[in-house]
There are 2 protein chains.
Amino acid sequence: MTSVTNDFLNCFLQFMNRKGLNTTSQRCAIAAAFFDLPGHHSLEEFYQHIVRQDPGIGQTTVYRTLKLLCEAGFASEIHFSDGIARYEVAKPNSHHDHIVCLSCGKILEICNQRIEALQRELAASRDFTLSGHVHNLYGCCADCRNGVGNDKGRAAEPEDLRK
Amino acid sequence: MTSVTNDFLNCFLQFMNRKGLNTTSQRCAIAAAFFDLPGHHSLEEFYQHIVRQDPGIGQTTVYRTLKLLCEAGFASEIHFSDGIARYEVAKPNSHHDHIVCLSCGKILEICNQRIEALQRELAASRDFTLSGHVHNLYGCCADCRNGVGNDKGRAAEPEDLRK
DNA sequence: GTTATTGCAAACCTTTTGCATTGGC
DNA sequence: GCCAATGCAAAAGGTTTGCAATAAC
């Protein structure tokens, strides 16, 4: 476990204390795996990963703990175009923008201050108070375009977890 | 039916002819309703709207015709944060960007050439061939902020969209 | 001991498909 | 008449919930 994971985990423990929630071994294992696993994964993917090192755990608990992590502000639920919810670590200054390769499922993070500024402008011009945004670009990465891609078909299988 | 609807409908009839598909009364009724109904609606919403004026129609046919309209390039499937697919008329120069009010569900279209340009730049810098994008801003409209809103309670809970 | 949590199983909801019937051509 | 299209019903697949057993405190 990295020290960053450990820091996040401590914050989550504090959150549970503040809320009067029990700190169970399952919640700790799930949160640790969540913080330790980079990328954007579905409930099923997290469950498959966690159950490998902790076979007694239930999918429902993973589901509920991910929701809890969202509620605590440590996780964000994101939706790409396939309708499956994915979860990622909500870094304080992250902008949750992505480029998704529709051929191999690769997901890259993008961040552009000028776009952020234009978003704020647009929201202001419509008199909206902005609370969030989703910004995903879809296309084909260089590897897939050149036939180097691993044509797995989108939506990662369990093996993809460490991409 | 507006003349624009009629134009779209004719194009769709041509598409069906080209593809050798039968032009059935159901397909025409569904396509007409689709072109005539402004906004972004789910399968269920279209079905409810269409079945009102044509009670014999089946949800499956609405589903399949919407897919057909997508295939023909007349419709686009869009995903907001609640995981339900919505369909909208794919106008040739539309950019499919939206501002969504999380309180009343109001959806406004937005379009910004500078953001489009920045998207192309970003994709190029990652060596991606861009085929599409999703860009939605979430927040609270002026009406809802001032308590005038009609609190329909559409879509996502706050934690879905945390930024 | 009391109350929260777990995890199985089942419900739920949207999307998709199988198949016998209907209808366009 | 032939084959595509329809629509019922049910499957599929992800998400959510009820509840008895279990574990935290």
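Each chain gets a letter, A, B and so on, in the order its sequence line appears, and its residues count up from 1.
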Result for 5'-nearest mapping on DNA chain C, choosing between A:Tyr47 and B:Ile84, is A:Tyr47
Separation of D:dT6 P from B:Met16 CE (nearest whole Å): 9 Å
Nearest 0.5 Å, please: how far is OG1 in B:Thr61 from CG in B:Leu68? 11.5 Å
Can you find a side chain N or O atom of B:Arg64 that sits less than 4.0 Å from OP1 or OP2 on D:dT6? no
Using a heavy-atom cut-off of under 4.0 Å over every strand shown, decide if B:Lys67 touches base, sugar-phosphate, or nothing. sugar-phosphate
With heavy atoms under 4.0 Å as the rule, sort B:Gly83 into base, sugar-phosphate or nothing. nothing
Centroid-to-centroid, A:His79 to B:Phe80, below 6.0 Å? no
Sugar-phosphate, base or nothing in reach of A:Ser25, heavy atoms under 4.0 Å: nothing
Without decimals, in angstroms, what is the distance between B:Arg27 CZ and D:dG7 P? 11 Å
Can you confirm if the aromatic rings of A:Phe34 and A:Phe46 lie within a centre distance of less than 6.0 Å? yes
State, to 0.1 Å, how close B:Ala90 and B:Ser76 come at their nearest heavy-atom pair, and which atoms those are. CB-OG, 3.3 Å
Expressed in angstrom and rounded to an integer, what is the separation of A:Tyr63 atom OH from D:dG14 atom C1'? 10 Å
Could you check how far CD of A:Glu77 sits from C1' of D:dT15, rounded to whole Å? 10 Å
Tell me, which pairs form a side chain to side chain donor-acceptor pair (under 3.5 Å) where one or both residues lie in residues 45-54 of chain B, sequence neighbours left out? B:His41-B:Glu45, B:Glu44-B:Gln48
Rounding to a whole Å, what distance do you find between A:His79:NE2 and D:dG13:P? 20 Å
Look at all strands and tell whether B:Gly56 reaches a base, only sugar-phosphate, or nothing, counting heavy atoms closer than 4.0 Å. sugar-phosphate
For a quick test of reading the model: is some side-chain N or O of B:Gln59 closer than 4.0 Å to OP1 or OP2 of D:dG7? no
From CG of A:Leu68 over to P of D:dT16, roughly how many Å is that when rounded to an integer? 14 Å
What does A:Thr60 touch in the nucleic acid at a heavy-atom separation under 4.0 angstrom: a base, only the sugar-phosphate, or nothing? base
Between CG of A:Leu43 and P of D:dT16 the distance, given in whole Å, is 9 Å
Verify the cluster assignment for B:Ile84 and B:Leu69: are they in a single hydrophobic cluster under the rule of side-chain heavy atoms below 4.5 Å apart? no
Which two nucleotides bound the region of DNA chain C that has atoms under 4.0 Å from heavy atoms of chain A, read 5' to 3'? C:dA4 to C:dA9
Rounded interatomic separation in angstrom, taking CD from B:Gln26 and P from D:dA4: 17 Å
Can you tell me which residue pairs pass the salt bridge (charged side-chain N to carboxylate O under 4.0 Å, His left out) test with a partner in residues 117-135 of chain B, sequence neighbours excluded? A:Arg114-B:Glu121, A:Arg145-B:Asp127
Nearest heavy atom decides the nucleotide; on that basis, is A:Tyr87 or A:Thr23 closer to the 5' end of DNA chain D? A:Tyr87
